[in-house]
2 protein chains.
Amino acid sequence: MMEDIIKKLKDKGCKITPQRRAVIQSLAKLAKFPTALELCNDIRQANPEIGLDTVYRNLNLLADMGVVNQINLPGKDTKVFELALGKHHHHLVCLGCGKANCLDYCPVDEQELQKAAGSKFEIVGHSLELYGYCQKCRTAK
Amino acid sequence: MMEDIIKKLKDKGCKITPQRRAVIQSLAKLAKFPTALELCNDIRQANPEIGLDTVYRNLNLLADMGVVNQINLPGKDTKVFELALGKHHHHLVCLGCGKANCLDYCPVDEQELQKAAGSKFEIVGHSLELYGYCQKCRTAK
DNA sequence: TAGTAAAATTATAAATAATATTATTATTAA
DNA sequence: TTAATAATAATATTATTTATAATTTTACTA
């Protein structure tokens with residue numbers, strides 16, 4: 001998976017640097033939704049010399065290539081990121097602990113969407129986030 | 001409508017200042033999705049003395065009270081705002097011109113959502129945004 | 001209607017987030 | 001191995017949002 005992304009970057013003429021590898025690797029390891037700063041801190045455990053600006057540059061590059069998604073979580077002031085593993089998916093965000101998980105499948109009906117949007121609008125995509133409380137936070141209440 | 005919001009504010013012990021009125025009024029007039037700065041500039045046409053920080057403070061206050069929604073649009077780095085007119089709704093965002101409109105109704109099936117989220121997660125809400133191209137941008141292409 | 005307590009505004013400053021610039025270094029392909 | 005070029009680091013800057021303290025306004029009460 002890592003190597004697929006590397007290959008994609010090479011095909012586009014991007015160079016593969018240790019920092020760039022580290023960004024991808026850390027994103028894959030964390031699996032879910034770090035901010036640029038959190039990601040940077042994680043990378044620094046193994047690679048203390050990386051700069052936050054480098055992390056931003058790489059995240060933007062990866063986002064432009066469609067390898068990384070920027071997600072907006074409510075209540076968070078900063079962007080968070082995740083690896084885009086090719087397929088369209090949505091998130092389940094806990095309002096208690098702030099953790100997020102991916103849904104296994106997309107629960108919306110495309111035809112219903114098009115109906116609601118009207119015939120004049122060409123839909124090319126959608127985003128859906130579910131908010132609520134996870135089991136742990138429910139029992140804590 | 002304006003007066004409903006004013007009343008709600010009064011009930012909560014908030015005071016009604018001209019600046020606060022102006023924020024609500026301008027939000028209602030613009031109808032759709034200004035950033036804090038855009039809103040501030042609009043207000044300044046009638047009321048040049050208002051500070052951007054005052055706009056932020058009022059938007060946050062109104063958001064805390066549920067009178068205003070913060071929306072995250074893709075590609076925008078800043079938050080945008082709209083009056084929450086009580087009812088749950090979604091947006092249709094044009095990737096060409098950036099304009100957004102509200103959907104008339106919610107096209108998602110709550111039961112489907114709960115099924116996808118699993119029985120352990122308590123859903124309290126969701127957000128949905130549709131992306132695509134409006135008629136004008138489609139003909140321009 | 002004048003006085004007063006509480007809250008909002010202003011002005012100033014600062015925190016946070018993200019991007020730009022430029023010299024240097026490292027990667028890739030020949 | 002080396003030249004071309006892309007990426008990094010360091011520094012600075014811009015943009016967005018929030019905090020603090022002094023002053024002014026609002027809304028209530030006598």
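Each chain gets a letter, A, B and so on, in the order the sequences are listed, and its residues count up from 1. All values below come from the heavy atoms of this structure, side chains included, with hydrogens, waters and symmetry mates left out.
Distance L37(A) CG to dT19(C) P: 14 Å, rounded to the nearest Å. If you take CG of L59(B) and C1' of dT9(C), they are 15 Å apart, rounded to a whole angstrom.
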Got a list of protein N/O to nucleotides 1-6 of chain C N/O distances below 3.5 Å?
from: dA6(C); atom 1: N3; to: K15(B); atom 2: NZ; distance (Å): 2.8

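Q45(A) meets the side-chain contact (heavy atoms from CB on, under 4.5 Å) test with D42(A); sequence neighbours excluded.
At distances below 3.5 Å, at least one donor-acceptor pair connects side-chain atoms of R138(B) with backbone N or O atoms of K120(A).
Residue Q19(A) has a polar side-chain atom (N or O) positioned under 4.0 Å from OP1 or OP2 of dA9(D). Residue T17(B) has no polar side-chain atom (N or O) positioned under 4.0 Å from OP1 or OP2 of dT26(D). Distances shown here put a side-chain N or O of Y56(A) below 4.0 Å from the OP1 or OP2 atom of dA18(C). Here R57(B) does not reach the OP1 or OP2 of dT18(D): none of its side-chain N or O atoms lies under 4.0 Å away.
Listed in residue order, the members of residues 43-55 of chain B having a heavy atom less than 4.0 Å from DNA chain D are L52(B), D53(B).
Closest approach to the N60(B) side chain among dA7(D), dT18(D), dA27(D) is made by dT18(D) (side chain taken as heavy atoms from C-beta onward).
Counting heavy atoms from C-beta on, the side chains of M65(A) and L9(A) come closer than 4.5 Å.
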